[in-house]
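Report on the following structure.
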Amino acid sequence: MIPLIGYCDRLSGRPGDKIEFKVSSYGAEAYQARLVRSVSADPNPAGPGIVEEDVPADIAGSYPSRVQDFYPGSYLRVKTGTAARAIRSFTAVANVWPTLPGNGKEQVVFSWNDAESVSGFALLLDAEGRPSVRIADAEGRGITLAADRAVKNRAWVRIWASFDADNQRLQVGVMPLENAARSEDRQTLSVTGFTPAATHNDILIAAMAGGERGDGVTGCFNGKIEAPVLFGRALPIEELTDFGAGDTEGLLAHPDFARGTSGIRVEDTGPLGLHGELVNLPARAMTGSNWTAREMCWRHAPAEYGAIHFHDDDIYDFGWKTDFTFEIPETLKPGIYAVRLTCNGYEDAIPFFVLPPKGGRQAELCVLISTFTYSVYGNHARPDFEASWKERFAKWDAYPWNPAEHPEYGLSTYNNHSDGSGICHASHRRPLMNLRPGYVTYGYGESSGLRHFQADSHLIAWLEAAGFDYDILTDQELHDEGVAAISGYAAVTTGSHPEYHTSETLDALTDYRNQGGKLLYLGGNGFYWRVALHESEPGAIEIRRAEGGIRAWAAEPGEYFNAFDGAYGGLWRRSGRPPQKLAGVGFSAQGQFEGSYFRRNRKNPPSSAAWVFDGIEDDILGDFGLSGGGAAGFELDRADVRLGSPENIEILASSEGHSDAFVLVPEEQLTHITNWPGEPVEHLLRADMTYFELPNGGAVFSTGSITFCGSLPHNNFDNNISKLLGNVIRHFIEKA
């Protein structure tokens, strides 16, 4: 485990807000904490390096070290209280779509047992993937019965277990739901003098009580579970084929997974009202065994989306105890801050973002921090990571830990679960290694190899060096407060990669520029994917990687609509909002983490934006930089009127000289020889630097490249990219 690491419960706050910090330290002695203001998070000695300023704070001091554990794995917990009767005879039944059967571990479907497993029962898949039942009596005796054959991977089956106390008969069975040619497999065992002992524990689905974990559960399930039902009697086999519509005599629990899909509460339709609560955010709005494909949206046919996909590595909130709380003082300047921890030679730094008071703008320029994107990429274990990269990290004194070597902290939505399904939930309520000053994403090439938080610090360091005052805002406030959060600013600028957005954040930015605001989009591949925020779980974000787009995994058919808000997921382009409609440019091409340059457009000098090039005689712009070696690289956006770029858009410069590693994005490619724009592919592998004005005084300047900001620090911030951006910001502020 990482010796010293932590996280905070929220990523941003205004004066008076409180941020809780949670730390796990393996040190024998106390750890030290202090507050710093973060200016540059790039450890590359060829640039500014790590630049931080110490800030006096009442949280500075020593804190006792303690190890804080965390427990991945999702399940449903049903608190029975005194409502449920003692177990004697019972029947438990559920439909399952297993995704890791026979993985050498027991995976529980339905359980009602105590932690020592000396009472109650469990319906599970054994280590070989066979449906099994285990019961125990008050004397600690246990009986296990398994079916003869293992279930198939990714195939719907109905499994059940029953015990008839009067006839002393234990049964377990499985029946395929997708292939009628396969017959039922049922095993029966006669027992003598055996009665399951009563349990007062909770009913669990997808796990059971026990094990050595601190959360008291074990045997987390991998796969979908649908329609679990528990009876206080032994049902005959004929009733198990259609238990949903039959006799409800003895019904104890019948949680309906098709109800309340957007939340974590699961409603019980049984007579006892044994409602439950989901732990660690398993995926809801999943297609069930009865899905017909006549409806692709779960809201239109909820009965066909009555499954939940559980994983043994699901994680939402680590739930660590708070070590100290920081109340943001009224006097603290808006900016990027971090609590830096040290103990026994180890360090960590937990960043957060301080905003001005609500409605209390303190500068003309607002920097919009893309915390949704930071979270979605949180703990991205890159498939191309190489241990040799750590030599550079050590040489630069960079952040030493990497998610590729520590997947136990929970991975990103660019990774897969242990069962191969894509991770569709993100959260910052856990340590995020790549949200750290000094973290390096790419260890190859000659550049800094930074993305996201660290790459955005190139802009922050430049603003500091250029003497521009600025406020900080995150997309969380933009989502919560709408355009009111940024109204009144002369200009609002993004960082290098504002990729993930809700409808609320896009609406706010659109309203801002339409009402006369000046927007700077300083990145590439922005405003690309649609995400949803959870209604009750702070910091939880959902992404459905539906049709199209450069994506790390593909959602299953019928599972393209978000559970959190019911909206169609995937690319904003698929929902009629291509990035060109907001920023004038949108994702066109991607390559390796390398950069080229822009060539200034002199064929048709843009008279309305000639001021952009004041003091710049160069035709070649940005053939240098800490990100890929050039201002136009990695992910490139182009203008396209057919996708929403305004008719009056002016292309100030376009990139050229990209290597053969760059390819057209999938949504543009139709066949192996045709594409959606109908242009030669080589013309589409470019970034466009653009400018356009709106009728009411609003304006948008876009760079169309994810590596643009990496060129700002070059030559101690004295270069043509730095001068160009300075011209744009000064013009926007002076025109306000």
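Keep in mind it's a predicted model, so treat the numbers as computed, not measured.
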Taking Asp317 as the fixed residue, which of Arg10, Lys22, Arg429 is the one that meets the salt bridge (Lys or Arg N to Asp or Glu O under 4.0 Å) rule? Arg429
Is Arg544 close enough and on-axis enough to Phe564, meaning under 6.0 Å and within 45°, for cation-pi? no
For the residue pair Arg545 / Thr413, report whether a side-chain donor-acceptor contact shorter than 3.5 Å exists. yes
What I want to check is whether the side chains of Tyr568 and Tyr560 have a donor and an acceptor closer together than 3.5 Å. no
Lys/Arg-Asp/Glu bridge criterion (N-O < 4.0 Å) met for Glu547, Arg574: no
Taking the basic N atoms (NZ, or NE/NH1/NH2) and the acidic carboxylate oxygens, is any pair closer than 4.0 Å for Arg34 and Asp54? yes
Indicate whether any N or O donor in one side chain lies under 3.5 Å from an N or O acceptor in the other, for Tyr444 and Asp384. no
side-chain hydrogen bond (donor to acceptor under 3.5 Å, both in side chains) against Asp480, all qualifying residues, sequence neighbours excluded: Gln476
Distance-only polar pair, side chains of Thr505 and Asp475, donor-acceptor under 3.5 Å: no
Taking side chain as C-beta onward, heavy atoms only, is Ser24 less than 4.5 Å from Trp320? yes
Should the pair Lys390-Glu405 be classified as a salt bridge under the 4.0 Å nitrogen-to-oxygen rule? yes
Within the 3.5 Å criterion, strictly below it, is a donor on Ser421 or His311 matched to an acceptor on the partner's side chain? yes
To the nearest 0.5 Å, what is the distance between CG on Leu4 and OG1 on Thr342? 7.5 Å
Output, in order, the C-alpha distance, side-chain angles, deciding distance and verdict of side chain to side chain contact (heavy atoms under 4.5 Å, CB included) for Phe70 and Glu408. CA-CA 9 Å; Phe70 49 95; Glu408 66 273 11; 4.3 Å; yes
Indicate yes or no: at least one non-hydrogen side-chain atom of Trp401 is less than 4.5 angstrom from one of Arg436. no
One thing to verify: whether Glu481 and Arg14 come together as a salt bridge, which I'm taking to mean a side-chain N less than 4.0 angstrom from a carboxylate O. yes
When you measure from the side chain of Asp469 to the backbone of Ala363, do you find a donor-acceptor pair of N or O atoms at a distance under 3.5 Å? no
Donor-acceptor check, side chain of Ser38 to backbone of Ala338, threshold 3.5 angstrom: yes or no? no
Going by atom types only, do Gln454 and Ser457 share a side-chain donor-acceptor pair under 3.5 Å? no
Could you tell me whether Arg577 and Asp507 have a side-chain N and a carboxylate O separated by less than 4.0 Å? yes
Taking atom types as modelled, find out whether Asn434 and Tyr374 have a side-chain donor-acceptor pair closer than 3.5 angstrom. no
Any side-chain heavy atom of Phe352 sitting closer than 4.5 Å to one from Val339? yes
Are Thr502 and His479 linked by a side-chain donor-acceptor pair shorter than 3.5 Å? yes
Under 3.5 Å donor-acceptor, Ser412 side chain and Tyr414 backbone: yes
Centroid-centroid under 6.0 Å between Tyr63 and Tyr31 rings: yes
If I take atom OG1 from residue Thr703 and atom CD1 from residue Ile721, how far apart are they, to the nearest 0.5 angstrom? 8.5 Å
For Asn562, the side-chain hydrogen bond (donor to acceptor under 3.5 Å, both in side chains) test, sequence neighbours excluded, returns Asp565
Assess whether a salt bridge exists between Glu635 and Arg451, defined as any Lys/Arg side-chain N lying under 4.0 Å from an Asp/Glu carboxylate O. yes
